There are 4 protein chains.
Amino acid sequence: MSTEPVSPSLEPTPKRERRKEARPRELLDAALALFVEKGFTATRSEEVAARAGVSKGTLFLYFQSKEDLFKAVIRENIGSLFPAWNEELNTFEGSSADMVKYAMNAWWERVGNTAASGIAKLVMSEAQNFPDVAAFYQADVVVPGTKLLHRILQRGVDSGEFRAMDTDKAVYTLIAPMIFLMMWKHSMGACAASANIIDPQKFIHMQVDMLLNGMLARSAS
Amino acid sequence: MSTEPVSPSLEPTPKRERRKEARPRELLDAALALFVEKGFTATRSEEVAARAGVSKGTLFLYFQSKEDLFKAVIRENIGSLFPAWNEELNTFEGSSADMVKYAMNAWWERVGNTAASGIAKLVMSEAQNFPDVAAFYQADVVVPGTKLLHRILQRGVDSGEFRAMDTDKAVYTLIAPMIFLMMWKHSMGACAASANIIDPQKFIHMQVDMLLNGMLARSAS
Amino acid sequence: MSTEPVSPSLEPTPKRERRKEARPRELLDAALALFVEKGFTATRSEEVAARAGVSKGTLFLYFQSKEDLFKAVIRENIGSLFPAWNEELNTFEGSSADMVKYAMNAWWERVGNTAASGIAKLVMSEAQNFPDVAAFYQADVVVPGTKLLHRILQRGVDSGEFRAMDTDKAVYTLIAPMIFLMMWKHSMGACAASANIIDPQKFIHMQVDMLLNGMLARSAS
Amino acid sequence: MSTEPVSPSLEPTPKRERRKEARPRELLDAALALFVEKGFTATRSEEVAARAGVSKGTLFLYFQSKEDLFKAVIRENIGSLFPAWNEELNTFEGSSADMVKYAMNAWWERVGNTAASGIAKLVMSEAQNFPDVAAFYQADVVVPGTKLLHRILQRGVDSGEFRAMDTDKAVYTLIAPMIFLMMWKHSMGACAASANIIDPQKFIHMQVDMLLNGMLARSAS
DNA sequence: TATGAATGAGTCTTCATTCAT
DNA sequence: TATGAATGAAGACTCATTCAT
């Protein structure tokens with residue numbers, strides 16, 4: 001397991017020799033699927049190659065090592081959606097409640113319901129074995145995501161639509177259900193039949209409803 | 001230049017200790033810690049033994065195989081708290097909102113803040129490699145836990161304290177933050193410093209507050 | 001002081017040769033030799049590989065397990081000679097005494113003096129650990145061999161050349177010296193110098209002579 | 001496996017410290033049975049102890065090592081019958097043919113049909129791993145036995161009862177069936193049902209009959 | 001480039017042997 | 001003496017990685 005320095009996390013975008021195009025997407029996809037399914041260590045390189053339809057040797061033509069493949073899987077699957085999302089929020093017209101709903105649903109469609117959701121499961125499962133990967137994920141996904149959600153909450157509070165709250169902490173009430181959904185989907189949800197949770201979209205809908213309106217009955221004063 | 005151990009106190013390497021009774025528990029504890037930290041496959045049997053203060057061979061004196069050890073780790077760390085909890089709920093006097101708060105805090109104290117929290121991370125990470133373990137966890141922990149929370153919500157709805165809701169689904173709004181907390185604690189939280197989330201108790205407090213009261217400002221009609 | 005291998009000729013250590021076709025046979029031959037020499041359990045997989053000129057791992061490329069290798073060794077070294085032998089006997093012209101001599105000598109040349117003779121030692125030594133192998137050997141070698149010899153004896157009795165006898169049992173007087181020869185050759189004969197028995201061909205000759213003519217002096221009536 | 005010098009084979013009768021009496025016969029018996037059944041390497045020390053009704057540790061109180069136990073098994077089970085047998089032969093009154101019959105039957109009763117027969121199987125199976133044991137067996141059993149049989153044959157030849165023959169070699173026609181019988185009994189005979197050879201005594205009877213009288217019909221001249 | 005046979009370090013597991021009791 | 005828990009060297013087998021083709 002790697003104990004490399006955390007700082008220049010994952011060679012930030014390799015300058016030249018961008019053979020990205022040539023580098024089989026199939027290998028990364030196969031690796032993602034298998035790493036998510038079985039874990040990094042329990043997945044054999046040959047399985048990845050086989051699923052990608054190439055031979056064992058070919059894998060190592062594109063990736064220096066299995067660990068290198070692991071990092072590439074993370075890197076390549078985190079295309080940042082945040083710039084676009086931030087843009088959308090800038091131009092969003094509507095209530096902050098709608099904004100929360102919109103953000104959560106958009107997240108489900110573009111991440112949660114995507115192979116990218118496996119990345120979260122993978123990173124969390126392997127975080128301790130790959131601290132630099134965890135740091136990378138934290139910096140490139142968690143922090144921007146947190147900021148985005150924070151903006152939304154703050155907007156609501158500022159406009160008076162939301163009540164006063166510690167937005168720094170409240171933001172995790174939005175993150176928790178997303179993390180939960182991704183973990184569940186790729187673990188219990190894929191095993192125990194009875195764990196086949198409610199429809200994710202309905203779950204999100206209810207979660208948002210509860211967070212916005214609360215469970216308590218309104219006293220019809 | 002002494003070749004003696006640096007710390008002359010604290011038992012001077014008590015080799016070959018006979019502790020038939022204590023060994024299994026020590027091995028299980030060591031295994032739990034390491035499996036949670038590194039994953040089942042990435043943990044070497046010898047590491048487990050070493051952490052338990054015994055040699056490689058001793059591990060196999062108590063567990064038939066590494067997989068057997070894995071299953072024992074799960075089994076032995078899931079002492080059912082539910083009978084006691086159900087009892088507490090039966091005699092609980094107070095609002096259903098208080099009940100929710102109480103349940104969540106109790107969970108944190110007795111599970112979330114315990115080595116048992118690692119079990120959840122472990123099971124979710126390895127679920128696909130050990131479907132029977134996942135099923136076991138689902139049946140022995142998830143389902144009873146769900147039922148317990150369901151009772152609370154239903155009590156609130158029945159009494160009119162909570163508004164009408166689909167309690168079957170709403171229950172997951174309480175489960176999600178717990179799962180989130182356990183996963184986070186044993187993954188990102190243990191790595192990236194910046195991921196050292198807010199104090200779990202405060203998170204729970206806020207989560208419950210938001211779920212109960214909602215984010216939206218009450219129209220002071 | 002040269003660090004080169006002493007023999008500059010004879011392929012200078014041809015490493016990593018690709019010989020997919022030849023490997024299995026080479027491994028089987030190496031295994032046969034070592035299993036016969038040291039016994040199955042006492043032979044390390046790596047020794048077999050080394051003698052075959054390959055590495056540990058390569059062995060397991062061709063055989064699923066050491067036990068699988070064992071069974072393959074037996075199976076592959078029992079090419080049935082019996083059809084041909086039966087044919088020979090059908091067309092044999094001469095006395096039944098000559099037939100016995102011929103059969104015993106042919107056996108020595110084609111089995112006893114061959115690597116196949118090790119199989120008998122191996123099977124007998126390991127019979128109790130591998131009952132199915134023993135049964136296989138019994139069915140494929142012992143029974144057909146017994147039948148063949150039985151035919152010869154019966155022919156002699158039928159023609160009046162041999163005296164009346166219980167041929168079912170008499171057949172073992174021919175089998176015993178063969179088994180003896182194979183066992184001895186691969187055990188005592190290979191160790192204690194003084195156990196370097198008489199020339200096998202001479203032994204067979206004398207054995208046959210004694211069995212046919214008897215030790216007793218003929219009363220010149 | 002041992003590569004000790006062959007010469008002073010098996011410390012020839014340890015002078016003092018004859019704790020022979022105290023040394024559990026049970027352990028030697030258990031070891032013999034198991035070594036014969038499964039081979040030396042495939043037999044675990046603990047099994048021997050268990051069968052002898054003692055604990056693992058006790059075994060090593062009496063024998064320095066498993067290999068030491070092996071040698072003791074051989075040594076202790078070869079009580080020399082030859083002095084007595086030689087005596088019997090000296091006083092034997094009767095034909096040399098009867099002498100052969102007598103010797104073979106006596107051997108069966110006192111060796112072949114005894115646990116001692118397992119020794120032969122054991123020694124032959126392990127000869128190459130224990131050359132000194134093989135040499136010991138050769139010197140203490142095979143050579144004396146050969147000499148004994150040689151005496152018988154020579155007596156017959158000298159008296160004119162047997163025809164002229166190379167007695168040095170002819171002796172093996174008597175040894176072969178004994179070796180065969182012992183090997184068979186402890187290998188194929190103990191496995192494949194169909195290999196449950198004819199009654200050993202009948203086999204010996206027929207073998208002797210054939211060797212003495214020959215298979216060929218006597219020309220009634 | 002692609003292949004897959006070959007390699008050998010690494011891991012699980014066994015078991016002869018030791019030693020505290 | 002006897003026990004059996006503990007040890008650790010050794011062996012079967014795996015799999016990331018290399019390299020001849």
Side-chain angles (χ1 to χ4, degrees), chain A residues 19 22 24 40-50 53-69, chain B residues 14-23 41-50 52-69, chain C residues 14-23 41-50 52-69, chain D residues 19 22 24 40-50 52-70:
Chain A
R19 49 174 178 175
F40 173 72
T41 314
T43 300
R44 285 180 302 128
S45 303
E46 192 167 11
E47 284 180 277
V48 176
V54 299
S55 76
K56 218 179 341 181
T58 302
L59 171 64
F60 290 90
L61 241 41
Y62 291 98
F63 303 94
Q64 294 212 350
S65 68
K66 196 185 167 192
E67 196 164 324
D68 185 48
L69 172 64
Chain B
K15 285 259 170 75
R16 262 179 176 275
E17 234 181 325
R18 276 168 95 96
R19 318 185 51 233
K20 189 180 172 42
E21 306 310 322
R23 290 299 189 221
T41 313
T43 300
R44 284 180 301 125
S45 306
E46 196 166 7
E47 286 180 275
V48 176
V54 297
S55 75
K56 221 175 349 179
T58 300
L59 171 62
F60 292 94
L61 236 46
Y62 295 95
F63 301 95
Q64 294 211 353
S65 67
K66 197 185 167 193
E67 191 164 329
D68 184 48
L69 173 64
Chain C
K15 286 262 170 74
R16 261 178 178 277
E17 235 181 325
R18 276 168 94 97
R19 318 184 53 235
K20 187 182 174 40
E21 306 309 322
R23 290 298 189 224
T41 314
T43 300
R44 284 180 300 124
S45 305
E46 195 166 8
E47 285 180 275
V48 175
V54 298
S55 74
K56 218 176 352 178
T58 301
L59 171 62
F60 293 95
L61 237 46
Y62 294 96
F63 301 94
Q64 295 212 351
S65 67
K66 197 184 166 193
E67 192 164 328
D68 185 47
L69 173 64
Chain D
R19 48 175 179 175
F40 172 74
T41 314
T43 300
R44 285 180 302 127
S45 303
E46 193 167 10
E47 283 180 276
V48 175
V54 299
S55 77
K56 220 179 342 180
T58 302
L59 171 63
F60 289 91
L61 241 40
Y62 291 98
F63 303 95
Q64 295 212 350
S65 68
K66 197 185 168 193
E67 197 164 323
D68 186 47
L69 172 63
F70 179 81

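Every chain is numbered from 1, with letters handed out A, B, ... down the list of sequences. As the structure is a computational prediction, the values presented were derived from the model and not from experiment.
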In DNA chain E, consecutive runs of at least three Watson-Crick or G-U pairs below 3.5 Å, as range with range, amount to E:2-21 with F:2-21

Please tabulate the protein-to-nucleotide N/O contacts below 3.5 Å involving nucleotides 19-21 of chain F, giving atom names and distances.
none

Contact under 4.0 Å: [X] side-chain N or O vs [N] OP1/OP2:
{"X": "Y62(C)", "N": "dA5(E)", "answer": "no"}
{"X": "S45(A)", "N": "dA16(F)", "answer": "yes"}
{"X": "K56(B)", "N": "dG8(F)", "answer": "no"}
{"X": "S55(C)", "N": "dA6(E)", "answer": "no"}
{"X": "T58(D)", "N": "dT3(F)", "answer": "yes"}

Comparing K66(A) and G53(D) on DNA chain F - which has the more 5′ nearest nucleotide: G53(D)

I want to verify a distance call: between dC12(E), dT17(F), dT17(E), whose nearest atom is closest to the S65(A) side chain? dT17(F)

Starting from [atom2] on [N], measure out to [atom1] on [X] and report it in whole angstrom.
{"X": "F60(D)", "N": "dT1(F)", "atom1": "CZ", "atom2": "P", "result": "17 Å"}
{"X": "R44(B)", "N": "dT13(E)", "atom1": "CZ", "atom2": "P", "result": "14 Å"}
{"X": "F63(B)", "N": "dT14(E)", "atom1": "CZ", "atom2": "C1'", "result": "18 Å"}
{"X": "E46(C)", "N": "dG10(E)", "atom1": "CD", "atom2": "C1'", "result": "13 Å"}
{"X": "R23(B)", "N": "dG4(F)", "atom1": "CZ", "atom2": "P", "result": "17 Å"}
{"X": "E67(B)", "N": "dC12(E)", "atom1": "CD", "atom2": "P", "result": "13 Å"}

Least distance between heavy atoms, A49(B) atom then S55(B) atom: CB-O, 3.6 Å

Taking all atoms of both residues into account, what is the closest heavy-atom pair of T41(D) and K66(D), and its distance? O-NZ, 3.5 Å

For a side-chain contact (heavy atoms from CB on, under 4.5 Å) with K56(D), tell me which candidate from R44(D), E47(D), E46(D) qualifies. E46(D)

So what does T41(B) hit on the nucleic acid, given a heavy-atom distance under 4.0 Å: a base, only sugar-phosphate, or nothing? nothing

Heavy-atom nearest nucleotide on DNA chain E for A42(D) versus L59(C): which residue maps closer to 5'? L59(C)

Does the side chain of S65(A) come within less than 4.5 Å of D68(A)'s, by heavy atoms? yes

